[in-house]
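Worksheet for the structure shown next.
The analysis underlying the following values was restricted to heavy atoms, covering all of them including side chains, and did not include hydrogens, waters or symmetry mates.
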Amino acid sequence: MAAGSTIDALGQFELHPVFGSVGEALRFSQSPLFMIIAVVLVLAFLYIGMRPAAVVPGRLQAAAEIGYDFVRDLAVGTMGEEGAVFFPFVFTLFFFILAGNYLGLLPFSFTYTSHIAVTFALAALVFVISILASLRFQGLGFFRHFFPAGTPIWLAPLLVPIELISFLSRPVSLSIRLFANMVAGHVLLEVFAAFTIMLAGLGAFGHILAVAPIAINIALTALELLVGALQAYVFAILTCIYLREAVAH
């Protein structure tokens, strides 16, 4: 919160240099810092989980195997056998987004997936790879998607721009969906937390009323756990769908 009773719900998304003047000189904010933390945690989870390689897996190994099988089934089930080629990319995207969504729920942390620059960069990467895959698997036939065979030629001035705009809007919709959901959830958490502090300052009666926003925040936190996993899944499945269209002949 800002001074007084004003709620600064968007202040949590501001970037600040870390490591003092060195961080400011390098433009190193908390966003790349938590990206590095997320990568380290995911790699540690996979390494420590799979290191025992036990026939009867423990909890951590079972969790790592479930995550691996889940994303692999998602890629291969959506794209067919070609999905095995793109599986590492989809796997990386899924866990990078999932870790970012969940890290942001911890106190004194930062949700890098709440920044449109990050989500758009991920979506643009998916977009570029899907175009390169289209040219690799379909060649120049890729451009027939913008003017399907059998369509009257006089419809070209209308149909081609519509199809082109629809195709170019993919990274925009993909990035905004993730960004908007993360921002909305964290803003609500901030607002109800601020309500709790405001009500607690009203005396004994305020303490009783403060129970309501606390209960709402607990429910919102549970919802954010679901949304965090769901948004990572949606991003991964849409990536698989775009790549399936790229490898389809």
Let me see the working for E224 and Y102 under side chain to side chain contact (heavy atoms under 4.5 Å, CB included), right down to the final yes or no.
CA-CA 8 Å; E224 281 297 290; Y102 280 175; over 6 Å; no
Evaluate the side chain to side chain contact (heavy atoms under 4.5 Å, CB included) criterion for residues F28 and I36: first the C-alpha distance (whole Å), next the side-chain angles of each, then the deciding distance (0.1 Å), finally the verdict.
CA-CA 12 Å; F28 192 82; I36 295 172; 3.9 Å; yes
Step-by-step ring-ring contact (aromatic ring centres under 6.0 Å, His included) determination, Y112 to F96:
CA-CA 10 Å; Y112 54 79; F96 182 74; 5.0 Å; yes
V247/F86 under side chain to side chain contact (heavy atoms under 4.5 Å, CB included): CA gap, chis, key distance, verdict
CA-CA 10 Å; V247 301; F86 297 100; 3.6 Å; yes
Take V76 and E82 through the side chain to side chain contact (heavy atoms under 4.5 Å, CB included) test and state the conclusion after the steps.
CA-CA 7 Å; V76 175; E82 290 87 353; over 6 Å; no
Evaluate the side chain to side chain donor-acceptor pair (under 3.5 Å) criterion for residues H186 and T111: first the C-alpha distance (whole Å), next the side-chain angles of each, then the deciding distance (0.1 Å), finally the verdict.
CA-CA 9 Å; H186 284 72; T111 312; 2.9 Å; yes
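The main-chain N or O of E163 is never found under 3.5 Å from a side-chain atom of S166 such that the two would form a donor-acceptor pair. Using modelled atom types, no side-chain atom of E245 and backbone atom of S130 make a donor-acceptor pair closer than 3.5 Å. The closest donor-acceptor contact from the side chain of Q30 to the backbone of H16 lies under 3.5 Å.
Ring to ring, F87 and Y68 are close: their centroids are under 6.0 angstrom apart. Ring centers of F89 and F94: at least 6.0 Å apart, outside the cut-off. In this structure, H115 has its ring center closer than 6.0 angstrom to the ring center of F110.
No side-chain heavy atom of F137 sits less than 4.5 Å from a side-chain heavy atom of L243. Side-chain contact check for N181 versus L230: every heavy-atom pair is 4.5 Å or farther apart. Considering only heavy atoms from C-beta on, V187 comes within 4.5 Å of F13 through its side chain. The shortest distance between side-chain heavy atoms of V18 and S29 does not fall below 4.5 Å. The shortest distance between side-chain heavy atoms of V126 and P171 does not fall below 4.5 Å. In this structure, the side chains of M50 and E65 come closer than 4.5 Å at one or more pairs of heavy atoms. Taking the side chain as every heavy atom from C-beta outward, V234 and L178 never approach each other to under 4.5 Å. S175 places none of its side-chain heavy atoms less than 4.5 Å from the side chain of L122.
Here the CE-CZ distance, from M182 to R177, works out to 12.5 Å after rounding to the nearest 0.5 Å. Atom-to-atom distance recorded for Y242:OH and T78:OG1 is 13.0 Å, nearest 0.5 angstrom. Here the CD1-CZ distance, from I129 to R136, works out to 15.0 Å after rounding to the nearest 0.5 Å. Residue L223 holds its CG atom at 9.0 Å from CG of L189, rounded to the nearest 0.5 Å. Distance check, rounded to the nearest 0.5 Å: CZ of F192 to OG1 of T221 gives 11.5 Å. Rounded to the nearest 0.5 Å, atoms CG (L168) and OG (S173) are 11.0 Å apart.
Cluster annotation: V227 and I97 are assigned to the same hydrophobic cluster (Ile/Leu/Val/Met/Phe/Trp/Tyr, side-chain heavy-atom contacts under 4.5 Å, transitive). Under the 4.5 Å side-chain heavy-atom criterion for ILVMFWY residues, no single connected hydrophobic cluster contains both L125 and L132. In this structure, V39 is a member of the same hydrophobic cluster as V90, with clusters built from ILVMFWY side-chain heavy atoms closer than 4.5 Å. Note: the hydrophobic cluster containing L98 also contains I48 (ILVMFWY, side chain heavy atoms under 4.5 Å, direct or indirect links). Connection of L93 to I66 is not established within any shared hydrophobic cluster, with ILVMFWY side chains joined at heavy-atom distances below 4.5 Å, either directly or through further cluster members.
For the pair R170 and F127, the cation-pi criterion (under 6.0 Å, within 45° of the ring axis) is not fulfilled.
Residues C240 and M79 share a closest heavy-atom pair of O-CG, 3.5 Å. What you find for L46 and A64 is that their closest heavy atoms are CD2-CB, 4.4 Å. Residues N101 and G228 approach most closely at ND2-O, 2.9 Å, considering heavy atoms. Shortest non-hydrogen contact noted between S109 and L105 is OG-N, 4.1 Å.
Ring-plane geometry between F95 and F45 is classed as tilted, the angle between the planes lying from 30 to 60 degrees on a 0 to 90 degree scale.
Looking at I216, L220, N217, V183 one by one, the single match for side chain to side chain contact (heavy atoms under 4.5 Å, CB included) with L188 turns out to be L220.
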